[in-house]
Amino acid sequence: MAIQFSESIGGKTVVVRVSGKLSHEDFLQFVPEFEEAARRIGKFRVLFVMDDFHGWETDAVWDEIKFDLKHVTDIERMAMVGDKKWEKNLTAFCKPFSTAKIRYFDQTAAVEAQAWLEQP
């Protein structure tokens, strides 16, 4: 699976790790997990880690758009961690479509990303 989802213990932060190329099948598995966490936790923070990420297959682009529109208010703050220029640009592209505070961090600053998420 190209999307891995995990929750912090007792916190309001979830970790989403993406790698490879996201497919429609990846979203079929990920979305229910995410929605269950949103119901239980409420508004939360996301550490979004892009590790050898290559984007989306054609059929998954629509899944991403639908997901983003549906969950625009579920995320309070998101730290996007990557190592490619287009991933940094993706962060800037996402900002107008979300109510969340979104910030990009290079892979080497993953600890800083976590600290930023934990700030009040």
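These numbers come from a predicted model, not from an experiment.
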- Quick one: list whatever passes ring pair (Phe, Tyr, Trp, His ring centres under 6.0 Å) with Phe27, sequence neighbours left out. none

What heavy-atom pair brings [X] and [Y] nearest, and what distance separates the two atoms?
X     : Y     : answer
Glu57 : Lys21 : N-CG, 3.8 Å
Lys12 : Lys43 : CE-O, 2.9 Å
Asp59 : Asp63 : O-OD2, 3.3 Å

hydrophobic_cluster_shared for [Y] and [X], side chain cutoff 4.5 Å:
X      : Y     : result
Phe105 : Phe53 : no
Met50  : Phe67 : yes
Val46  : Leu69 : yes

- Query: Hey, are Gln114 and Glu118 close enough side-chain-wise for a donor-acceptor pair under 3.5 Å?
  - Reply: yes

- Task: Fit a plane to each ring of Phe30 and Phe34, take the angle between them on a 0 to 90° scale, and name the class: parallel (under 30°), tilted (30 to 60°) or perpendicular (over 60°).
- Result: tilted

- Message: Please report the interatomic distance CZ(Arg17) to CG(Asp52), rounded to the nearest 0.5 Å.
- Response: 13.0 Å

- Please round to the nearest 0.5 Å and tell me the distance separating atom OG of Ser19 and atom NE2 of His54. 8.0 Å

Check whether any side-chain N or O of [X] sits under 3.5 Å from a backbone N or O of [Y] as a donor-acceptor pair, and report yes or no.
X     : Y     : result
Thr99 : Val72 : yes
Glu64 : Leu22 : no
Asp26 : Ala2  : yes

Side chains of [X] and [Y]: does their closest heavy-atom pair fall under 4.5 Å?
X      : Y     : value
Phe48  : Val18 : yes
Tyr104 : Glu87 : yes
Asp74  : Ile41 : no
Val61  : His24 : no

Check residues 75-85 and write down every donor-acceptor pair under 3.5 Å in which the side-chain atom is one partner and the other belongs to a residue at least two apart or another chain.
from, atom 1, to, atom 2, distance (Å)
Glu76, OE1, Arg45, NE, 2.8
Glu76, OE1, Arg45, NH2, 3.4
Arg77, NH1, Trp116, O, 2.6

- Query: Under the side-chain contact (heavy atoms from CB on, under 4.5 Å) criterion, do Phe5 and Val15 qualify, and how do the steps go?
  - Reply: CA-CA 6 Å; Phe5 179 84; Val15 179; over 6 Å; no

- Task: Could you walk me through whether Val16 and Ile3 pass the side-chain contact (heavy atoms from CB on, under 4.5 Å) test, one step at a time?
- Result: CA-CA 7 Å; Val16 178; Ile3 305 175; 3.9 Å; yes

- Under the salt bridge (charged side-chain N to carboxylate O under 4.0 Å, His left out) rule, collect the residues that match up with Glu112, sequence neighbours excluded. Arg103

